[in-house]
Each structure stands twice: as structure tokens, then as C-alpha cells.
Enquirer: 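There's a structure below that I have some questions on.
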Protein chains: 2
Amino acid sequence: MTTQPRTEKGQQTQAKLLATALECFAKDGYKASSMRVIAAKAGVSLSHAYYYFKSKEDIVAQLLLNLRREQYEQCSGMLNEGNTLEANIRAVLDSGVEALARYHDFGPAFLRLMLSRDMGNDEISRIELELWEEVVAGSRPLPPMGIRRDLPKFLLLVSRQIFSAWAFDQSPQQRRSRLLMKNMAPVAAKFAVLCRLPVVRSLFEDVLALMDPGPAELAAAAKSTPAQLRRPKAS
Amino acid sequence: MTTQPRTEKGQQTQAKLLATALECFAKDGYKASSMRVIAAKAGVSLSHAYYYFKSKEDIVAQLLLNLRREQYEQCSGMLNEGNTLEANIRAVLDSGVEALARYHDFGPAFLRLMLSRDMGNDEISRIELELWEEVVAGSRPLPPMGIRRDLPKFLLLVSRQIFSAWAFDQSPQQRRSRLLMKNMAPVAAKFAVLCRLPVVRSLFEDVLALMDPGPAELAAAAKSTPAQLRRPKAS
DNA sequence: TTCCTTTTTTGAACGCGTTCAAATAATTGC
DNA sequence: GCAATTATTTGAACGCGTTCAAAAAAGGAA
């Protein structure tokens, strides 16, 4: 959403455009829902769609955001009933794939959105992280004290990995990545328990440190320009 | 490469087309190197380019394959000199990012190629796996016996994760993902050593089993159609 | 050579995402 | 009221990846 409508009619038009787009997406899939089709079905000109949405990807971002919100509402309640960590992880993974299943051919577009850091994906990331926080906080028994704080971030990481497998999964019904999800939950739970042991625990911390390095380290890396660019190959 | 040229002139034309494409890619980047430009610079018509390459992505696949081959030749020799596992991992990761650095704006296209299973990326995967096998086989001391066989596959997995971070890394010089690479090597090496402990070892095996499930398990998953498709939401 | 089949090459078109200058409508200040 | 400013809407165009029918060239059998 690039341009905020400043009049009431504008709001309506934008809303209608978005609603139409989501409808088309659900019915005809990603490729078939061209900007021309969406604009036509919404009763506005093609170029007008670009007045409110700066790109097609921008609309897709809204779709993904909607789906995540749906998912959040759907399974937020189920995470506080004293289930095991494994069950909670499973619930979130399942609801995630369930919400997105109809849009599997959006996979690559979704992935691009989530992995690139430039669009309105902050909100999406926030929702996802919040979910994983509820997964951890609502599980009984609670995971080891030392990792309780960072476990959600770790689970977010893991779930992204799974999501990326799902996005490109060509097996019928995405069977492969669904199986991956099913097996991932117990492994992650087991890992959390094992984090009581210092050896495993330090691995956990290492991995997390990899994913977002402290600002000090980043700054240090900024200074040392390795500068050993390759000699131009003879070709 | 969709159509194999059947005459000698055809071979030449295809080769010229490919060479021109790689040249354009190196000089002008992904977006600027349109099929029209490539065809024009190669001295053939636009549609003729599609006679030999079924898509632009097809040419990009060739580029990636070339880069991987280059990387393989460059660092294959360095892996047999009795360095530590960590040093070997670092060498491969470094040479990888070095080979691809010029083509960073191909990142998303590359990623798509490597993650989707439908094109000629078998060859690319094969080369990568071979490299990781040399990393393991050439390191001193050798990693624990029990994981020696599967460690290469695990390292391939890890490297893909890093690659995906690199592909979307918007920081100047891809500083963030380069730092990630630098820190990943010691963690992976440490992990390999810790695999002597049964706890850690079983984690290793769990993760690997996740990534390619045995055929039995896949077949089982195929039968049980969960079939709890969502009730159509009220919109 | 001539005819026929196969391979190579082309021009024209399609629909796509996106941009832009210009037209229309709404709002505001006087 | 009217003019000036701002918000909305449009049509036409651009370059892109891709497709297709058909022309041109090459090769082989008679």
C-alpha cells in the first residue's frame, strides 16, 4: 500500500481493489490474476490500481499478511491449554500450512517477500514471532530457563526453513514438506529439552548468534574490507 | 538447453549465444540483460534464442553451472592438504561467495533454480555435494566415524541456508551474510566434534532424516490423506 | 537435377508488469 | 461565486519473456 487514500471514496476504491484481488487470487491463482484482470473486475483502470498499490507484489504482501492474521487468530487460543511444546509447535506448523495451502502457487512470491527485508514484511514477521512466543510460553512443562527467551526466535528460524521447502515443493499435495513439518516438531522439542546439557546449549547459542550478530561484530566486519577480489578470469 | 543442435553451424550458434549471454550478464546484470539484447549482440533474432534455450532461466542455469564448475576447480586442490575441517569448510564457503559475488543481483534467480527440482540443477547439486565430500574426506583429524558418511549432505544443507541468506542480503557488499559464513565454519566444525556424544549425534541423525525421509515413510504419508481441508471461510 | 524431409531462422504478435503525462473530480481559500 | 490547489482516474505507451506459423537453408534419396 503505497498511497494512503485521503478521501473517503479513495478508501472505498482501495478496499474494493484489494478485496477483488484477493478474490481473484483465491479463484484463479497467481499467474492468471493479472493486474489487468484485477483492475477490470474492480471496475477501475489498470493504471489506477498502481495509484494505490505500487506493485503486484505489494498486493501479494497484503494477502500474506491477511493469511497470517487469520492463522494467528485461529490458533492463538489453542496454545494456552498446557499442551507439550511438541504439540504446540505442531499446531502452529499445521495451521500455517493449512492457511497457505490454497495459495501454494504463490510460494516463490511469498518466499521472496519474507526473505527480502525491504517491504512491509515487518508486520508479518512480528505476527509470526508472536505466535512462536505463545508456543513457548504456553507449553507445559516449560522449556529450560536458559533458552526460554530465545527459543521463539529459533523456532521462527526453523519454520522459515520449512516454509522455504514448502514453497518449492512439487510433490502432490506438498506431501514431502508436510511430512517434514510433522517430523520437525518432535525433533525441535527434543532439542529444546537437550538444551539443558551445556554442550547442546552452547550449540543453540552459537546458531542464534549466527543469525543476528551483535552490533559490535557487524561493525567490525564493516571495517575489515577483505578486498581480495578475484583476478579477472581469462575466460 | 532444450534443443540439441544437430548440425555444426547449430552448435556454433548455440555456443555463441551462450557466450554472449554470460558476457552480458557479467557486464550489465540480470535485469538489463534482456533476451532481446542478448540475441541482438549474438547476431541472431530474438525468437531464435528460444530455439536453443527454452527460457531465460535456462541460460541462468548454465551460468550458475559454470560458476560452480569454476569454484570446484579452484578449491578442489586445496582440500587435500590436511587442514582442519573448519578450515576446509571456510575455504569452500569463501570460494563460493567469491565466485558468485559479481552476480549478486542474480541471487533470487539462482535461489529459485537451486530450490526447485525441475530443471537441470541435478548437475549443480552433484558438484556441490562432491565439494562437501572432499571437504570431509580431506580434513585432519577426520570427523567421527559415525557421521563421516552423512556429514557432506549435512554441510550441503547448511550451505544452502547460507546461500539463501546471501541471495537476499541487501547490506553493502553482502556484509551480513559474509559474516554469517565466517562464523558458520567454526560452529559446524564444533558440531561435528560434538557428534561423538550420543545426544548430539542423535540430533544430527534426526535432522538428516528430516531432509530426506526414507521411501517407506514417504509412501506412508502418501496413503494417509489428512483430508481435513478447511471449511471455506466466511470471507 | 528434382523432390521431400528435417533443421535453422525469422517477423509478428500476445499478455504481462510498470510508468507517465494529462484529464477529471473534489477540496480548499478568498 | 471563482480560482488554485490537491486528490483521483485514465489512456497510451514501453520493454519484457514467451509463442507460433511460416520462410529459408541444408541434406538426402530418386
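Below, chains carry the letters A, B, ... as their sequence lines are ordered, and counting in each starts from 1. Please read these numbers as outputs of a predicted model, since none were measured by experiment. Just the heavy atoms: all of them, side chains too, but no hydrogens, waters or symmetry mates, feed the values below.
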Enquirer: How would you label the contact of S34(A) with the nucleic acid (heavy atoms, under 4.0 Å): base, sugar-phosphate, or nothing?
Expert: sugar-phosphate
Enquirer: Nearest 0.5 Å, what's the CH2-CG distance between W166(A) and L111(A)?
Expert: 9.5 Å
Enquirer: Classify the side chain of S45(A) and the base of dG11(D) as holding, or not holding, a donor-acceptor pair under 3.5 Å.
Expert: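 Check fails, no donor-acceptor contact within cut-off.
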Enquirer: Any chance you could measure D122(A), atom CG, to R126(A), atom CZ, to the nearest 0.5 Å?
Expert: 10.0 Å
Enquirer: Roughly how many Å is it from NZ in K56(A) to C1' in dC16(D), rounded to a whole number?
Expert: 14 Å
Enquirer: Would you mind telling me which residue lines up with the more 5' stretch of DNA chain C, S47(A) or M35(A), judged by nearest nucleotide?
Expert: M35(A)
Enquirer: Let me know the distance between OH of Y50(B) and P of dA12(C), rounded to the nearest Å.
Expert: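 Computing the Y50(B):OH to dA12(C):P distance gives 18 Å.
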Enquirer: Mind calculating the distance between CG (D58(B)) and P (dG17(D)) to the nearest angstrom?
Expert: 14 Å
Enquirer: Between C1' on dT18(C) and CD on E57(A), what's the gap in Å once rounded to a whole number?
Expert: 13 Å
Enquirer: Whole angstrom is fine here: how far is it from OH in Y51(A) over to P in dC20(C)?
Expert: 16 Å
Enquirer: How do L46(A) and A49(A) order along DNA chain D: which one's closest nucleotide is nearer the 5' end?
Expert: A49(A)
Enquirer: Using the rule given for ring-ring contact (aromatic ring centres under 6.0 Å, His included), can you reason through F191(B) versus F154(B), listing the C-alpha separation, both sets of side-chain angles and the distance that settles it, and then say yes or no?
Expert: CA-CA 11 Å; F191(B) 180 66; F154(B) 181 80; 5.2 Å; yes
Enquirer: Please indicate whether R68(B) has more than 12 foreign heavy atoms, meaning atoms of other residues, nucleotides or ligands, lying under 6.0 Å from its CZ.
Expert: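 Yes, enclosed.
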Enquirer: How many whole angstroms separate atom NE2 of H48(B) from atom P of dA23(D)?
Expert: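 Atom NE2 in H48(B) sits about 18 Å away from atom P in dA23(D).
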Enquirer: Given atom OH of Y52(A) and atom C1' of dG17(C), what is their separation to the nearest angstrom?
Expert: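 Between C1' of dG17(C) and OH of Y52(A): 20 Å.
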Enquirer: When the distance from CG of D28(B) to C1' of dC16(D) is rounded to whole Å, what number comes out?
Expert: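 Atom CG in D28(B) sits about 16 Å away from atom C1' in dC16(D).
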Enquirer: So does R36(A) reach the base of dG15(C) with its side chain, donor to acceptor, closer than 3.5 Å?
Expert: no
